[in-house]
Amino acid sequence: QVLCVKREDIFPDCAWHGFVSEDLERHQAVIRERHFFKPRAEVEDDPKFQQIIPYVVFRHGDQYFLTHRLRASSEKRLRKQYSLGIGGHINPGDIDGGDPILDGLRREWAEEVVYDGRFEAELIGLLNDESAPVSKVHLGVVFLVDGDSPNIAIRETTKLAGELMTLDEMRIHYLEMESWSQMVYDRLRS
């Protein structure tokens with residue numbers, strides 16, 4: 001079961017494409033007030049629904065945590081790609097704390113990485129990519145975490161690798177990044 005909203009609710013006029021940082025309160029309100037859960041298999045290829053994905057970008061100083069999905073990654077469509085964000089679906093258990101977006105974000109973060117510093121997430125934008133089937137059914141809610149410690153590591157090292165890099169250093173991986181990460185990278189550069 002994954003948290004969804006109807007496409008027509010989140011995009012009442014028409015779907016935008018890319019990274020947006022305007023009208024974030026309205027979008028969050030729609031997600032919080034009109035969400036429901038459906039089996040992932042039912043919505044994975046159905047663009048009538050947007051699966052909400054909290055997406056955390058971690059920064060320490062001028063370095064960002066770049067991950068690389070390995071061959072053993074469970075998401076076949078994203079294998080071998082690089083990602084600037086840690087994210088995943090929101091599950092029914094994530095609503096117990098009162099905020100499905102933030103609670104899903106915290107759970108996913110704790111599942112994916114080991115980090116011993118302060119964790120304060122600031123909402124910086126939303127991601128929508130209309131160009132590919134995998135991204136067309138997902139809406140990214142992008143948070144930036146400014147870490148006070150560089151001590152961050154991947155938990156499931158058979159599925160992911162990760163390292164801190166500056167934007168200049170990771171430029172060589174740009175074409176191998178998933179589309180959302182390219183959009184985030186472009187926004188961070190500007």
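All values derive from a computational prediction rather than experimental measurement. When a residue number appears, it is its place in the shown sequence, counting from 1.
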**Student:** With hydrophobic residues grouped by side-chain heavy-atom distances under 4.5 Å, do F36 and V30 end up in a single group?
**Tutor:**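 Hydrophobic grouping puts F36 apart from V30.
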**Student:** Can you list everything that forms a salt bridge (Lys or Arg N to Asp or Glu O under 4.0 Å) with R155? Sequence neighbours excluded, please.
**Tutor:**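 Not a single residue meets the salt bridge (Lys or Arg N to Asp or Glu O under 4.0 Å) criterion with R155.
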**Student:** Under a 4.0 Å threshold between the charged nitrogen and the carboxylate oxygen, would K136 count as salt-bridged to D45?
**Tutor:**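 A salt bridge is absent here (no side-chain N lies under 4.0 Å from a carboxylate O).
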**Student:** What I want to check is whether the side chains of H89 and Q51 have a donor and an acceptor closer together than 3.5 Å.
**Tutor:**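 Judged by distance alone, the side chains do pair up.
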**Student:** Go through it in stages, so that I can follow the logic: the residues are V43 and V2, the test is side-chain contact (heavy atoms from CB on, under 4.5 Å), and I'd like the CA-CA distance, side-chain angles, deciding distance and then a yes or no.
**Tutor:** CA-CA 9 Å; V43 294; V2 296; 3.9 Å; yes
**Student:** Which distance, rounded to the nearest 0.5 Å, do you find between the CG of D62 and the CG of L188?
**Tutor:**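 D62 atom CG to L188 atom CG measures 12.0 Å (nearest 0.5 Å).
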**Student:** Indicate the atoms forming the closest heavy-atom contact of V113 with I152, along with that distance.
**Tutor:**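 In terms of heavy atoms, the two residues are closest at CB-CG1, 4.2 Å.
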**Student:** Under a 3.5 Å cutoff, is there a donor and acceptor pairing between the side chains of Q63 and T166?
**Tutor:**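 Q63 vs T166: no donor-acceptor pair found between side chains.
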**Student:** Give me the other members of the hydrophobic cluster that I172 sits in, counting Ile, Leu, Val, Met, Phe, Trp and Tyr linked by side-chain heavy atoms under 4.5 Å, directly or via other members.
**Tutor:**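 Besides I172, the hydrophobic cluster comprises nothing; the residue is isolated.
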**Student:** Side-chain contact test, heavy atoms from C-beta onward, threshold under 4.5 Å: evaluate it for V141 versus L126 and give yes or no.
**Tutor:**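 Yes. Closest side-chain heavy atoms under 4.5 Å.
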**Student:** Run through V57, V56, V184 and flag the one making a side chain to side chain contact (heavy atoms under 4.5 Å, CB included) with L144.
**Tutor:**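 The single option meeting the side chain to side chain contact (heavy atoms under 4.5 Å, CB included) with L144 is V57.
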**Student:** Test of understanding: with side chain to side chain donor-acceptor pair (under 3.5 Å), list the residues that count as partners of N128, not counting sequence neighbours.
**Tutor:**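 For N128, the residues satisfying side chain to side chain donor-acceptor pair (under 3.5 Å) (neighbours in sequence not counted) are E130.
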**Student:** Quick one: salt bridge (Lys or Arg N to Asp or Glu O under 4.0 Å) partners of E169, sequence neighbours excluded?
**Tutor:**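 Partners of E169 by the salt bridge (Lys or Arg N to Asp or Glu O under 4.0 Å) criterion come out as none, since no residue qualifies.
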**Student:** Mind checking the CG-NE2 spacing from D129 to H138? Nearest 0.5 Å is all I need.
**Tutor:**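 It is 11.5 Å, given to the nearest 0.5 Å.
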**Student:** Measuring from E163:CD to Y64:OH, what's the distance to the nearest 0.5 Å?
**Tutor:**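 That separation rounds to 15.5 Å.
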**Student:** Should R26 and D23 count as an ion pair when the cut-off is N to O under 4.0 Å?
**Tutor:**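 Looking at R26 and D23, the cut-off is met.
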**Student:** Would you mind listing every salt bridge (charged side-chain N to carboxylate O under 4.0 Å, His left out) that reaches into residues 50-61, with sequence neighbours excluded?
**Tutor:**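 Only R59-D146 qualify under salt bridge (charged side-chain N to carboxylate O under 4.0 Å, His left out).
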**Student:** Distance check, rounded to the nearest 0.5 Å: R34 atom CZ versus C4 atom SG?
**Tutor:**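 If we round to the nearest 0.5 Å, R34:CZ and C4:SG are 15.5 Å apart.
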**Student:** Is it true that I86 and I52 fall in one hydrophobic cluster, defined by side-chain heavy atoms closer than 4.5 Å?
**Tutor:**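 Yes, same cluster.
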**Student:** Is there a chain of hydrophobic side chains (I, L, V, M, F, W, Y, each step under 4.5 Å between heavy atoms) that links V20 to L84?
**Tutor:**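 V20 does not cluster with L84.
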**Student:** Treat each ILVMFWY residue as a node, draw an edge where side-chain heavy atoms are under 4.5 Å apart, and state whether M165 and L160 are in one component.
**Tutor:**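 They do not share one cluster, since no chain of ILVMFWY contacts under 4.5 Å joins M165 to L160.
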**Student:** Please report the shortest heavy-atom distance between I101 and I90, naming the atom on each side.
**Tutor:**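 Taking I101 first and I90 second, the nearest heavy atoms are CA-CD1, 4.0 Å.
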**Student:** Between Q50 and R7, is any side-chain donor less than 3.5 angstrom from a side-chain acceptor?
**Tutor:**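 Yes, R7 and Q50 have a side-chain donor paired with an acceptor closer than 3.5 Å.
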**Student:** Over all heavy atoms of both residues, which pair between Y115 and G147 is shortest? Give the atoms and the distance, please.
**Tutor:**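 Heavy atoms only, the tightest pair is OH-CA, 3.1 Å.
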**Student:** What about the rings of H173 and H68, do their centers lie closer together than 6.0 Å?
**Tutor:**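 Between H68 and H173, which both carry aromatic rings, the centre distance is not below 6.0 Å.
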**Student:** With sequence neighbours left out, write down each residue that passes ring pair (Phe, Tyr, Trp, His ring centres under 6.0 Å) with F143, or none if nothing qualifies.
**Tutor:**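 Result, ring pair (Phe, Tyr, Trp, His ring centres under 6.0 Å) vs F143: none returned.
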**Student:** Partners of K38 by salt bridge (Lys or Arg N to Asp or Glu O under 4.0 Å), sequence neighbours excluded?
**Tutor:**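 Per chain and number, K38 pairs via salt bridge (Lys or Arg N to Asp or Glu O under 4.0 Å) with E42.
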**Student:** Once ring pair (Phe, Tyr, Trp, His ring centres under 6.0 Å) is applied, do any residues pair with H60, and if so which ones, sequence neighbours excluded?
**Tutor:**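 Partners of H60 by the ring pair (Phe, Tyr, Trp, His ring centres under 6.0 Å) criterion come out as none, since no residue qualifies.
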**Student:** Salt bridge (charged side-chain N to carboxylate O under 4.0 Å, His left out): which pairs involve residues 98-109, sequence neighbours left out?
**Tutor:**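 Qualifying pairs: R32-D99, D94-R107, D103-R106, R107-E111.
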**Student:** Using 0.5 Å steps for rounding, measure from the CG atom of N91 to the CZ atom of R40.
**Tutor:**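 If we round to the nearest 0.5 Å, N91:CG and R40:CZ are 9.5 Å apart.
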**Student:** Write out all pairs satisfying side-chain hydrogen bond (donor to acceptor under 3.5 Å, both in side chains) with one or both partners inside residues 12-21, taking only residues at least two apart or from two chains.
**Tutor:**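 Those involving residues 12-21 are S21-R187.
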**Student:** Is there a path of hydrophobic side-chain contacts, each under 4.5 Å between heavy atoms, that joins I53 and Y82?
**Tutor:**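 Yes: a chain of side-chain contacts under 4.5 Å links I53 to Y82.
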**Student:** Minimum heavy-atom separation for P54 to G88, with atom names?
**Tutor:**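 Closest approach of P54 to G88, heavy atoms only: CD-O, 3.1 Å.
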**Student:** Considering all heavy atoms of both residues, which atom of S83 and which atom of S181 are nearest to each other, and what is their separation?
**Tutor:**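 That would be CA-OG, 3.1 Å.
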**Student:** Not counting sequence neighbours, which residues clear salt bridge (Lys or Arg N to Asp or Glu O under 4.0 Å) with D46? List them please.
**Tutor:**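 With neighbours one apart ignored, the set is K48.
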**Student:** Got a sec, which residues hit ring pair (Phe, Tyr, Trp, His ring centres under 6.0 Å) with Y185, two or more places apart in sequence or on another chain?
**Tutor:**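 For Y185 the ring pair (Phe, Tyr, Trp, His ring centres under 6.0 Å) partners, ignoring immediate neighbours, are Y174.
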**Student:** To the nearest 0.5 Å, tell me how far D148 CG sits from F119 CZ.
**Tutor:**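 Rounded to the nearest 0.5 Å, the CG-CZ separation comes out at 12.0 Å.
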